[in-house]
Amino acid sequence: MSDSTAASRPLLFVLLASAALVTLVVHLSVVPQQYPDDVFTTALALVFGWLTYTLAFYAVGRIGSQPTELPSMRFADVGIALFLVSVLLAAALDGFGFTPEVILEAYVLPALGVYVGLALFGWSIGRRTEAINEIVR
């Protein structure tokens, strides 16, 4: 591990801790306060929570990676596909009249797909970034 890698490790742990904390605050405090009264603010809070969630997994990918070669981006592709299909499934449920107010349980599978997809995407980008940084050194 080079000096620049050793210097960036504490910053990655700070990124991980702060992203996890912000994600928890947004999902456990802001979203429940705004939903279902203010849909626009709820959507903004969810997108911000998804961004911080993805950043947390980016940090995990960077911290847990010991690259020997450039990793494939296949997991990022799967993550993006899973995220998009899950969002489209949730939109289809809403379009067919199965709103969260009517049947919340129908949204469990799309929600899991969104979070697993974002985790795969963030983790894969983190691994790839760490590998590129090792190659450049």
Side-chain angles (χ1 to χ4, degrees):
M1 184 178 345
S2 69
D3 291 338
S4 62
T5 303
S8 69
R9 289 291 175 199
L11 293 176
L12 288 171
F13 282 108
V14 168
L15 175 64
L16 175 61
S18 60
L21 180 65
V22 170
T23 300
L24 286 173
V25 167
V26 166
H27 282 81
L28 298 177
S29 178
V30 177
V31 172
Q33 287 177 357
Q34 300 299 322
Y35 181 78
D37 300 328
D38 189 359
V39 176
F40 181 73
T41 305
T42 302
L44 285 177
L46 269 177
V47 169
F48 184 71
W50 290 344
L51 175 67
T52 57
Y53 179 81
T54 306
L55 279 175
F57 276 92
Y58 167 82
V60 168
R62 293 271 320 262
I63 291 168
S65 178
Q66 299 295 330
T68 57
E69 61 184 36
L70 200 60
S72 168
M73 292 300 289
R74 196 165 286 131
F75 284 114
D77 294 340
V78 169
I80 290 172
L82 189 57
F83 172 78
L84 291 174
V85 167
S86 298
V87 168
L88 288 173
L89 179 60
L93 285 170
D94 190 59
F96 287 124
F98 298 108
T99 62
E101 294 86 10
V102 174
I103 182 164
L104 186 62
E105 295 80 13
Y107 286 84
V108 170
L109 188 60
L112 286 173
V114 162
Y115 287 99
V116 169
L118 289 173
L120 284 171
F121 178 72
W123 174 76
S124 182
I125 295 294
R127 285 182 53 224
R128 183 75 165 214
T129 302
E130 191 66 23
I132 291 170
N133 287 342
E134 285 296 319
I135 290 170
V136 171
R137 288 186 198 122

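- Both L70 and V136 belong to a single network of hydrophobic side chains, linked directly or stepwise wherever heavy atoms of I, L, V, M, F, W or Y lie under 4.5 Å apart.
- Summarising the local packing, OH of Y35 is surrounded by more than 12 heavy atoms from other residues, nucleotides or ligands at distances under 6.0 Å.
- In this structure, T23 and Y53 approach most closely via the heavy-atom pair OG1-N, 3.2 Å.
- At least one side-chain heavy atom of P100 sits less than 4.5 Å from a side-chain heavy atom of D94.
- Annotation: E69, atom CD; neighbour count of heavy atoms from other residues, nucleotides and ligands within 6.0 Å does not exceed 12.
- No more than 12 heavy atoms of other residues, nucleotides or ligands lie within 6.0 Å of CZ in F75, so this atom counts as exposed by the packing criterion.
- Contact annotation: the side chain of R62 approaches that of N133 to within less than 4.5 Å [non-hydrogen atoms, C-beta and beyond].
- Separating the CD1 atom in I63 from the CG atom in L15 is a distance of 8.0 Å, to the nearest 0.5 Å.
- Here CZ of F121 is found 7.5 Å from OG1 of T54. Values are rounded to the nearest 0.5 Å.
- Salt-bridge check for R9 with E130: passed, with a basic side-chain N closer than 4.0 Å to an acidic carboxylate O.
- Once rounded to the nearest 0.5 Å, the distance linking OG of S72 with CG of D77 reads 7.5 Å.
- At a threshold of 4.5 Å between side-chain heavy atoms, the hydrophobic network of Ile, Leu, Val, Met, Phe, Trp and Tyr places L12 and L16 in one connected group.
- Side chains of T52 and V26 form no contact here, defined as non-hydrogen atoms less than 4.5 Å apart.
- A donor-acceptor contact shorter than 3.5 Å links the side chain of R128 to the backbone of P71.
- Using a 4.5 Å heavy-atom cutoff, the side chains of M73 and S124 are in contact.
- Atom CD1 of I132 sits about 12.0 Å away from atom CZ of R127, to the nearest 0.5 Å.
- Under a hydrophobic clustering in which Ile, Leu, Val, Met, Phe, Trp and Tyr are joined whenever their side-chain heavy atoms come within less than 4.5 Å, directly or via other members, L118 and V31 fall into the same cluster.
- Residues L120 and G79 come closest through the heavy atom pair CB-CA, 3.9 Å.
- Looking at heavy atoms from C-beta onward, I125 lies out of side-chain contact with F57 at the 4.5 angstrom threshold.
- Each of I80, L82, V87 was checked for a side-chain contact (heavy atoms from CB on, under 4.5 Å) with L84, and the lone residue meeting it is I80.
- Taking hydrophobic clusters as Ile, Leu, Val, Met, Phe, Trp and Tyr residues chained together by side-chain heavy-atom distances below 4.5 Å, Y58 does not share a cluster with L51.
- Residues F96 and L93 share a single hydrophobic cluster, defined by chaining ILVMFWY side chains whose heavy atoms lie under 4.5 Å apart.
- For the pair W50/Y115, a side-chain contact is recorded, criterion being any heavy-atom separation below 4.5 Å from C-beta on.
- Looking at H27 and L46, their side chains come closer than 4.5 Å, going by heavy atoms from C-beta outward.
- Smallest separation of non-hydrogen atoms from A56 and A19: N-CB, 3.8 Å.
- Other residues, nucleotides and ligands contribute at most 12 non-hydrogen atoms within 6.0 Å of the CZ atom of F48.
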